[in-house]
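Accompanying notes for the structure given below.
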Amino acid sequence: MHKISIKNDNDIKGMRIAGKLSAEVLDYIAPFIKPGVTTEEINEICHNYMVNIQNTIPAPLNYCPQKGGIPFPKSICTSVNDVVCHGIPGNKILKKGDILNIDITVIKNGYYGDTSRMFYVGEPSLVAKRLSDISFECMWIGIVKIKPGIHLGDIGYAIQKHAEKYGYSVVREFCGHGIGKNFHEEPRVMNYGIPGTLEKLKTGMIFTVEPMINEGRKEIKEMSDGWTIKTKDRSLSAQWEHTVLVTKNGFEVLTISPNMPYPSKCIINT
Ligand code: MF3
Ligand code: CO
Ligand code: CO
């Protein structure tokens, strides 16, 4: 098992600021999500807001975790319909009924804030809305488990159980991650698992919870651009993401903003 860093008070202050700023980008972009807009236009609006208004750095731009890999060419990820994650903004025109995940990661004073939400283009179909809603519940069901002493496997188990109850599947190849002065740190926060397994949580850990839930089968395929991940069966996929701090008694969501969606009481009490 690898070492998971424990953040000090100074780090936590920095992470609160970065988290809030990343969530505020999602608040800002929401009214622009309409039929006819391209994902490249969404990228530009977010990029300009981050760089000129917030004075943050868009972490995805030129991000290249693997040596010799293709650097991510844009400032945000836009993952439409059957795109699971890491969709590259481009000339794709959004149309009524599309669903998309927008994933924002900003750097402020060296700290990373990472959050994503689902958006509807016009009115969603019932099946699309249900997938997005259940994926949102999956994220929150994972988050509310968080407190010192629980295991990472407890989070994964809770998420997987909820998704599979509705006949959905959990993507295995991608997961949540520790975050701080680096985009991706230990631990890996899997969205499936067995209760009581993997690392025990300690006060001061910070990581993301970001389940990717498919309407159909769990298998994925990578596109030739080196980044875009789609469902293998071309079914819809949805994802939500928060950055979360483990506190003495539970958790604190760091990626909060005035317009962030909240879960219903019955979900947070499960
Ligand atoms: N924001 C994504 C995450 O939640 C990572 C995106 S990497 C990128 O971990 F290069 F595609 F932006
Ligand atoms: Co993340
Ligand atoms: Co993200």
Side-chain angles (χ1 to χ4, degrees), residues 17-63 72-108 112-133 135-136 139 183 208 210-213 223 225 227-230 236-243 253-263:
I17 292 167
K20 185 165 186 292
L21 287 163
S22 64
E24 284 172 352
V25 179
L26 291 172
D27 284 5
Y28 182 76
I29 197 61
F32 295 96
I33 310 303
K34 288 190 282 209
V37 73
T38 67
T39 51
E40 172 57 36
E41 287 163 350
I42 296 169
N43 176 76
E44 269 173 36
I45 297 164
C46 290
H47 177 93
N48 291 335
Y49 182 73
M50 290 186 264
V51 170
N52 300 325
I53 308 289
Q54 294 187 324
N55 275 298
T56 57
I57 300 165
L61 188 58
N62 298 317
Y63 182 59
F72 193 80
K74 299 288 174 177
S75 298
I76 67 171
C77 297
T78 52
S79 301
V80 183
N81 294 336
D82 61 340
V83 177
V84 173
C85 64
H86 303 166
I88 301 174
N91 56 14
K92 183 174 182 64
I93 302 170
L94 296 181
K95 58 176 197 308
K96 223 163 66 189
D98 285 341
I99 61 170
L100 76 153
N101 173 278
I102 300 182
D103 194 335
I104 301 291
T105 312
V106 305
I107 312 170
K108 184 71 167 185
Y112 286 70
D114 189 7
T115 185
S116 78
R117 297 178 196 158
M118 294 301 294
F119 293 88
Y120 304 132
V121 185
E123 278 300 305
S125 69
L126 280 174
V127 292
K129 183 178 187 308
R130 185 164 166 273
L131 176 68
S132 173
D133 286 349
S135 305
F136 180 73
M139 174 186 67
F183 201 161
T208 70
E210 49 176 309
M212 299 173 193
I213 308 298
M223 301 295 105
D225 61 18
W227 281 100
T228 306
I229 305 295
K230 289 188 179 182
L236 291 176
S237 187
Q239 182 184 25
W240 294 78
E241 175 177 23
H242 272 308
T243 300
V253 174
L254 302 178
T255 37
I256 53 173
S257 66
N259 290 337
M260 71 181 259
Y262 270 90

Applying the side-chain hydrogen bond (donor to acceptor under 3.5 Å, both in side chains) test to Asn101, which of Ser79, Ser132, Ser116 qualifies?
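Per the side-chain hydrogen bond (donor to acceptor under 3.5 Å, both in side chains) rule, the option paired with Asn101 is Ser116, out of Ser79, Ser132, Ser116.
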
Tell me, with the steps shown, if Leu94 and Val80 meet side-chain contact (heavy atoms from CB on, under 4.5 Å).
CA-CA 8 Å; Leu94 296 181; Val80 183; 3.9 Å; yes

Restricting to non-hydrogen atoms, name the atom on [X] and the atom on [Y] that form the minimum distance, rounded to 0.1 Å.
X      : Y      : answer
Pro211 : Trp240 : CD-O, 3.6 Å
Ile104 : Ser22  : CG2-O, 3.7 Å
Phe32  : Val37  : O-CG1, 3.7 Å

Tell me if a side-chain donor or acceptor on [X] pairs with a main-chain N or O of [Y] at a distance below 3.5 Å.
X      : Y      : result
Asp114 : Thr105 : no
Thr56  : Lys108 : no
Thr38  : Lys92  : no
Gln54  : Leu21  : yes
Gln239 : Glu210 : yes
Asn48  : Glu44  : yes
Ser237 : Val83  : no

Might you work through the side-chain contact (heavy atoms from CB on, under 4.5 Å) test for Ile102 and Ile33, ending with a clear yes or no?
CA-CA 10 Å; Ile102 300 182; Ile33 310 303; 3.6 Å; yes

Does Glu40 come within less than 4.0 Å of Lys74, counting only side-chain N to carboxylate O?
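A salt bridge is present here (some side-chain N lies under 4.0 Å from a carboxylate O).
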
Under the rule for side-chain contact (heavy atoms from CB on, under 4.5 Å), what residues qualify as partners of Asn259, not counting sequence neighbours?
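Expected list: Asp27.
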
Considering residues at least two apart in sequence or located in another chain, which fulfil the side-chain contact (heavy atoms from CB on, under 4.5 Å) criterion with Leu236?
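If we apply the side-chain contact (heavy atoms from CB on, under 4.5 Å) test to Leu236, skipping adjacent residues, the hits are Asn81, Ile99, Ala128, Leu131, Glu215.
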
Could you give me the CA-CA distance, side-chain angles and deciding distance for Phe119 and Leu26, then say whether side-chain contact (heavy atoms from CB on, under 4.5 Å) is met?
CA-CA 10 Å; Phe119 293 88; Leu26 291 172; 4.0 Å; yes

Kindly assign one of parallel, tilted or perpendicular to the pair Phe72 and Trp227, based on the angle between their ring planes and the thresholds 30° and 60°.
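Rings of Phe72 and Trp227: perpendicular, over 60°.
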
Tell me whether the count of non-hydrogen atoms from other residues, nucleotides or ligands lying under 6.0 Å of CG in Asn52 goes above 12.
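Enclosed.
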
So Phe136 and Met118, side-chain contact (heavy atoms from CB on, under 4.5 Å) or not? Walk me through it.
CA-CA 9 Å; Phe136 180 73; Met118 294 301 294; over 6 Å; no

